[in-house]
Amino acid sequence: MTRFAKLLLGAALGLAVAAQAQAQSKGELHIYNWTDYTSPELVKKFSEETGIKVTVDTYDSNETLLAKLKSGAAGYDIAVASHDFVQILSREGLIQKIHAAKLQGYGNMETRWQNPAWDPGNEYSIPYDWGTTSFGYDTAVYTKPVDSLKTFYEPPAELKGKIGMFGSPTEVMSLALVYLGKPQCNSNPADLKAVSALLEKQKPFVKLYNSDGIQDRMAAGETVAHQVWSGDFRRARAQKASLKFLFAKEGGIAWMDNMVVPTHAPNVENAKLFMEFLLKPENSGLHSTFSGYPTAVKGAEKFTDQAVATAPEYLPPKDWKYTFAPSCDEKAIRAYDRIWTKLRQ
Amino acid sequence: MNRLRSLLLLAPSMLTIGIFMAVPMLVALAYSFMTSSPYGGVQMPFSVGAYVQMLYDEDFDGVQVFTPDYLMIILRSVVLAGLTTLACLAVAFPAAWFIVCRPPRQRQLLLFLVSLPFWINTLIRTYCWVLLLRDEGLINHLFEGAGAIDEPLPLLYNDGAILLGLIYTFLPFMVLPIYSTLERVDHRLIEAAYDLYASRRLVFRRILWPLARPGVAAGALLVFAPALGSFLAPDLLGGGRKLLIGSLIQLEFTSGRNWPFGSAIAVLVSAAVLIAMLVQARRGRSAAELAA
């Protein structure tokens, strides 16, 4: 080996060691989140305060998250999962107990979101943000008052042929079950037949089944009523003021996204630091402004863009009944699938 | 030595086909004979349940009954893909002949125009049809503006819209192979036919069509196979009101969490396409032997 090559090798080794030392001293945090769901401003602020280097990786469905964590080769410290998947992930041993109730600032969380059904005692998870699912409609086209989901399942003449439904079977079934007053994850034959009959009867008046592009369709008047997530509808209403989100007397569906820590996370302490960071109202507000959804932290609304904080879609009546649809067992999923294929055969 | 060389030269393409085509197909075949795991994916034991499910499915009471649902979906997909192929042929043949008859420089330009859509993502191009066809879309606005209609025409979210979307997407796949065969047609044959008092129809039937047949066959396969499995056009333009094979497979792999069934349908489609290709290849070979 020539002297020059030796020198070069030595320098390279030195650099590598130095880089590693640096990385260790400040620490890292790998976040795995839905696309367009992590505020860059928030991440920057966290890095500035703690010196921790944050990397964000994204996914497009709970199933992708599950598959990635199952494959074992993930290396993420924080993942964001829907409430129904928190249960699945903990049952499969893919996320670890973090005892979130002991985190600094846990008390900042609204009491209604503490100790949720999908994670008793907040052992595995802490809420990220939440929303609801119901129908929204155009009050300029249908002027009569609406208080029931019936208006959309058995529509009046003004709405016929102009209703949009979600394109995913589980979400279509869960709201239909709420309307019928039946339990979720149902595999009772009589209830399933009732759901099937309801959707078959509604189909002639449904323009399309698609969960994408709702905002655009409602704003353009392509559909005048749509099954919709609160956040999508808020954006549509911003374009067309006559749109209204229904808090039906039968109730509605709610969902919560949660931060969890994968079992083999390399930087658990940093993950907890990030959670505590997000439990502070000012940081939670920053996140809420970016995601456009309300969070579970008290007082966050003061630091949130007012268009988000005061959106009527996020302020259901106090006594409104919402159901967090749990993850269903195989039997119910198979039955939903059958109703769904039959509906569209 | 020569043999080794040709083997080495062949290796990259064989490896590519092997890794990116044969292996995934074998995986799908294996999955189709397994049992579904609760949250997607497959597990043992071995089972033919997925294939049985195509004909006999459990009803809500848990009784096995004959279900025509999946057969209907398969049938509708085959009919739509077949119509797409015929329509593409009807448009592409004259277009290809037109291009062949232009001077070389114009030909280059026209071929470039045919392949131009490939430069833009299919999703975007399909979504543009939504913007054109919907009630508040360009076409309905034009008609309404001209006073031709009062109510918007229901152009979107039906089988017609799906068909249009499929034809639009796959037309270039028909034009290019037909063009490449027509380009090689010896024009003296046509002149000779005219000299022998053949009518234009006869020239087409006896000269052009037989010579273009390999291109037509290749084009038909290139259109039919992807049209059969397409799920963009059915979902976007059909409004998801009716399922086609492509969307059914996608559904089973996602929210249906029934990978074996999804795989079984995929295997069925692949097998059908493969058989069609083999039949085609054999016919092509016997035609070549006949010509020799």
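Protein chains get the first letters and strands the later ones, always in sequence-line order, with residue 1 at the start of each. Note that the coordinates shown come from a computational prediction; the quantities given were computed from them, not determined experimentally.
Note on B:K242, B:R76, B:R241, B:E252: by heavy-atom pairs under 4.5 Å with chain A, the leading option is B:R241. Counting heavy-atom pairs under 4.5 Å between each of B:L243, B:L251, B:N158, B:L156 and chain A puts B:L243 at the top. Chain B forms the most heavy-atom pairs under 4.5 Å with one residue out of A:M165, A:K207, A:K342, and that residue is A:K207. Interface summary for chain A: among B:T67, B:I73, B:D61, the most heavy-atom pairs under 4.5 angstrom belong to B:D61. Chain B forms more heavy-atom pairs under 4.5 Å with one residue of A:T170, A:I88, A:N210, A:L343 than with any other, namely A:I88.
A:D36 CG: 12 or fewer foreign heavy atoms inside a 6.0 Å radius. The environment of NZ in A:K331 is sparse: at most 12 heavy-atom neighbours from other residues, nucleotides or ligands sit within 6.0 Å. Within 6.0 Å of CZ on B:F20 lie no more than 12 heavy atoms contributed by other residues, nucleotides or ligands.
A:W255 is listed as a side-chain neighbour of A:W229, based on a closest heavy-atom distance under 4.5 Å. Side chains of B:D57 and B:Q64 form no contact here, defined as non-hydrogen atoms less than 4.5 Å apart. A heavy-atom distance below 4.5 Å is found between the side chains of A:N258 and A:W118.
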Taking it one step at a time, do B:F46 and B:T35 satisfy side chain to side chain contact (heavy atoms under 4.5 Å, CB included)? CA-CA 7 Å; B:F46 169 88; B:T35 315; over 6 Å; no
Any chance you could lay out the side chain to side chain contact (heavy atoms under 4.5 Å, CB included) test for B:I245 and B:Y70, step after step, and finish with the verdict? CA-CA 9 Å; B:I245 295 180; B:Y70 301 116; over 6 Å; no
Should B:E151 and B:D135 be marked as a side chain to side chain contact (heavy atoms under 4.5 Å, CB included) after you check the CA-CA gap, both sets of side-chain angles, and the distance that decides it? CA-CA 9 Å; B:E151 282 281 294; B:D135 290 359; over 6 Å; no
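Both the backbone and the side chain of A:K203 have a heavy atom closer than 4.5 Å to some heavy atom of chain B. The contact between A:S196 and chain B is made entirely by side chain atoms (from C-beta outward), counting heavy-atom distances below 4.5 Å. Residue contact with chain B, scored on non-hydrogen atoms closer than 4.5 Å, involves the backbone and the side chain of A:T341 alike. When heavy atoms are compared at a cutoff of 4.5 Å, A:F85 approaches chain B solely by way of its side chain, counted from C-beta outward. Interface residue A:L66: only side-chain heavy atoms are found under 4.5 Å from chain B.
Using bins of under 30°, 30° to 60° and over 60° for the plane-to-plane angle, the ring pair A:Y32/A:Y76 lands in the parallel bin.
For residues 213-223 of chain A, the interface with chain B (any heavy-atom pair closer than 4.5 Å) comprises A:D216, A:R217, A:A220, A:G221, A:E222, sorted by residue number. The stretch residues 151-161 of chain A places none of its residues near chain B, where near means some heavy atom under 4.5 Å from a heavy atom of that chain.
In this structure, the ring of B:F261 has its center no less than 6.0 angstrom from the ring center of B:Y51. Taking the six-membered ring wherever Trp is involved, the centroid distance between the rings of B:F118 and B:F173 falls below 6.0 Å. Annotation: A:Y128 is not in aromatic contact with A:W34 [ring centroid separation under 6.0 Å not met].
For the pair B:R257 and A:E330, the salt-bridge criterion is not met [side-chain N within less than 4.0 Å of a carboxylate O].
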